[in-house]
Amino acid sequence: MIQLYNSLTRKKEDFTPMGDEVKMYVCGVTVYDESHLGHALSSIVFDVLDRYLEYRGYKVRKVQNFTDVDDKIINRANADGVSWEQITEKYIESFFKSADGLNVRRATVHPKATEDMPEIIALIEKLIQGGDAYELNGSVYYRVRNKSDYGKLSGQNIDQMLDASRGELESGKENPADFALWKAVKPDQPKWDSPWGDGRPGWHIECSAMAFKHLGEQIDIHGGGLDLIFPHHENEIAQSESASGKTPFSNVWMHNGLLRIANGQEMSKSLGNAFNVNSALEEFSSDAIRLWILQSHYRTNPLLDKKLIGDAERSIRRVRQAVQAADAVEVGSGEPLDVSGFKRRFEEAMDDDLNTPQALAAIFDLCRKMNRARTDRADVSAAAEVVRELTAVLGFTLEAPPQSSDGFSDAEVDALVERRKAARAEKRWADADAVRDQLEAAGISISDTGDETIWARN
RNA sequence: GGCGACGUGGCCAAGUGGUUAAGGCGGAGGUCUGCAAAACCUCUAUUCGGCGGUUCGAAUCCGCCCGUCGCCUCCA
């Protein structure tokens with residue numbers, strides 16, 4: 001039985017989907033800049049959830065949205081002197097490039113707020129008709145006082161929030177905590193036609209509308225970063241439950257922790273290149289980035305430190321090489337390695353609210369056992385298959401990082417390895433070592449195992 | 001002020017009432033090797049921020065203190 005921690009109840013709960021298909025909604029990004037490693041963290045966590053649910057036999061319908069109308073987009077467009085559509089198009093493309101680079105599978109649907117405008121407007125109308133929202137000067141606000149359990153997700157109550165509010169409160173609203181569902185048009189801003197005049201949606205409503213449209217009025221899992229609990233998810237719950245009359249909007253609320261920045265590694269003003277996913281992927285493999293993230297539990301706050309990603313690079317290489325070595329060796333004559341215990345450990349760990357650090361420990365232990373058994377000429381082919389299967393659930397490719405530009409082709413490496421073999425046979429050690437140094441410099445390592453020589457890109 | 005998270009070996013990080021405190025990285029020694037690399041073996045926290053308390057028994061529960069951090073109207 002899979003157990004997941006539910007932010008709403010603050011407990012781990014048995015996971016039982018409502019229907020045949022798990023309905024999962026994950027808050028996507030507002031597309032005004034490159035994806036950073038914090039986005040990567042969230043994407044990877046919910047990618048692993050998606051993959052594990054599938055591994056456990058569930059069908060998953062996953063929706064991850066793009067918020068493509070927002071103040072920050074408009075500001076960015078103005079700053080860059082281009083249209084807001086150019087900004088959103090550019091960064092949606094960049095988002096997919098990052099996601100693909102991280103081996104994050106596509107969601108079933110990636111809706112955009114601007115493409116679901118009729119649903120957004122219809123949802124707002126429904127809220128007005130039900131008395132849960134009201135129009136004011138061409139804008140529409142949600143009536144927070146109507147929802148007696150408002151604040152149940154974040155543990156806040158309205159009065160406390162207002163006392164401490166640091167922002168400027170818009171005047172004219174019935175209650176300062178009422179939030180905008182629709183914003184009346186301002187000059188030079190994107191606008192859509194609506195019953196309340198030209199304008200654009202508020203921040204939260206698009207997620208409710210897209211969840212309703214693509215999944216239904218009640219869903220199984222809603223995910224996102226911890227920073228979205230308030231106000232975004234709190235308001236999503238309020239407007240969704242008011243509109244549908246059904247509670248809860250989502251059975252489980254899952255929130256990933258946020259990155260911590262290592263001391264002394266302040267990532268400059270824009271948090272710099274190390275923070276940018278596409279730049280990080282030039283320096284590290286996707287497997288290393290995933291391992292760095294998955295070695296911490298998803299609800300903690302992983303430390304962003306390039307040294308740690310580098311450590312993960314060496315670490316995942318061990319797994320990759322264990323599998324490669326198992327493939328390279330002829331099937332041993334010995335007993336097949338028993339792997340059932342490792343698979344069970346992996347599943348028990350993952351069932352426990354996605355305890356990926358424990359799941360990884362099982363994989364590392366299996367790799368060690370496999371290397372040992374291989375030396376003893378046992379049959380490790382099934383074990384290697386299990387490693388492949390389990391690492392795939394965590395989204396690892398086990399592929400070597402792309403070769404550097406000054407690298408050799410496979411055929412060239414093979415030729416050099418042959419030349420070295422010949423030199424070794426004649427005990428011309430200096431010649432043999434020169435070849436090895438040459439390959440080593442190009443990031444290719446050589447291993448002599450028995451009478452075989454195996455090479456691999458690091 | 002309110003809501004909340006966290007402090008485990010050199011670094012990262014599981015574990016949350018009871019065998020010898022997972023795993024990774026790093027380090028030391030060894031096996032293998034022409035020498036290496038990789039792999040494997042051994043070692044690397046009598047101890048879990050501090051002080052009290054509950055208990056037969058606590059890293060795990062309670063209290064206080066110290067320290068770090070997030071959110072509190074538009075950040076994953």
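A, B, ... follow the sequence lines: proteins, then strands. Residue 1 opens every chain.
Side-chain rings of A/Phe66 and A/Phe95 approach one another, their centers coming within less than 6.0 Å.
Here A/Phe364 does not lie in a stacked arrangement on the base of B/rG24, lacking the combination of planes under 30° and ring centres under 5.5 Å apart.
Ion pairing between A/Asp305 and A/Arg260 fails under the 4.0 Å rule for side-chain N and carboxylate O. Salt bridge A/Asp433/A/Arg420: absent, no basic N to carboxylate O contact under 4.0 Å. The existence of a salt bridge linking A/Lys186 and A/Asp71 is excluded, since no basic side-chain nitrogen approaches an acidic carboxylate oxygen closer than 4.0 Å.
Atoms CG and OG1, from A/Asp70 and A/Thr88 in turn, are 11.5 Å apart once rounded to the nearest 0.5 Å. Note that CZ of A/Arg51 and CG of A/Leu53 are 12.5 Å apart. Values are rounded to the nearest 0.5 Å. Atom OG of A/Ser98 is separated from atom CZ of A/Phe96 by 11.0 Å, given to the nearest 0.5 angstrom. Note that OG of A/Ser208 and CD of A/Glu241 are 9.5 Å apart. Values are rounded to the nearest 0.5 Å.
For the pair A/Leu153 CG and B/rC71 C1', the interatomic distance rounds to 12 Å; values are reported in whole Å. Distance CD (A/Gln295) to P (B/rA22): 16 Å, rounded to an integer number of Å.
In the interface, the side chain of A/Asp433 is paired with the base of B/rG34 through a donor and an acceptor atom under 3.5 Å apart. In the interface, the side chain of A/Lys183 is paired with the base of B/rC74 through a donor and an acceptor atom under 3.5 Å apart. A donor and an acceptor atom sit less than 3.5 Å apart, one in the side chain of A/Arg436 and one in the base of B/rC35.
Looking at heavy atoms from C-beta onward, A/Ile316 lies in side-chain contact with A/Phe396 at the 4.5 angstrom threshold.
Here the side chain of A/Ala361 is nearest to one of B/rA14, B/rG34, B/rG23, namely B/rG23. Comparing atom distances between the A/Phe230 side chain and each of B/rC11, B/rA76, B/rC71 picks out B/rC71 as nearest.
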**Prompt:** Dot-bracket for RNA chain B, 5' to 3', with Watson-Crick and G-U pairs under 3.5 Å, [ ] for crossing pairs and | for other-strand pairs: what is it?
**Reply:** ((((((((.[[[..)..(....]]]((((((.......))))))....[[[[[..)....]]]]])))))))....
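Residues from residues 341-353 of chain A with heavy atoms under 4.0 angstrom of RNA chain B: there are none.
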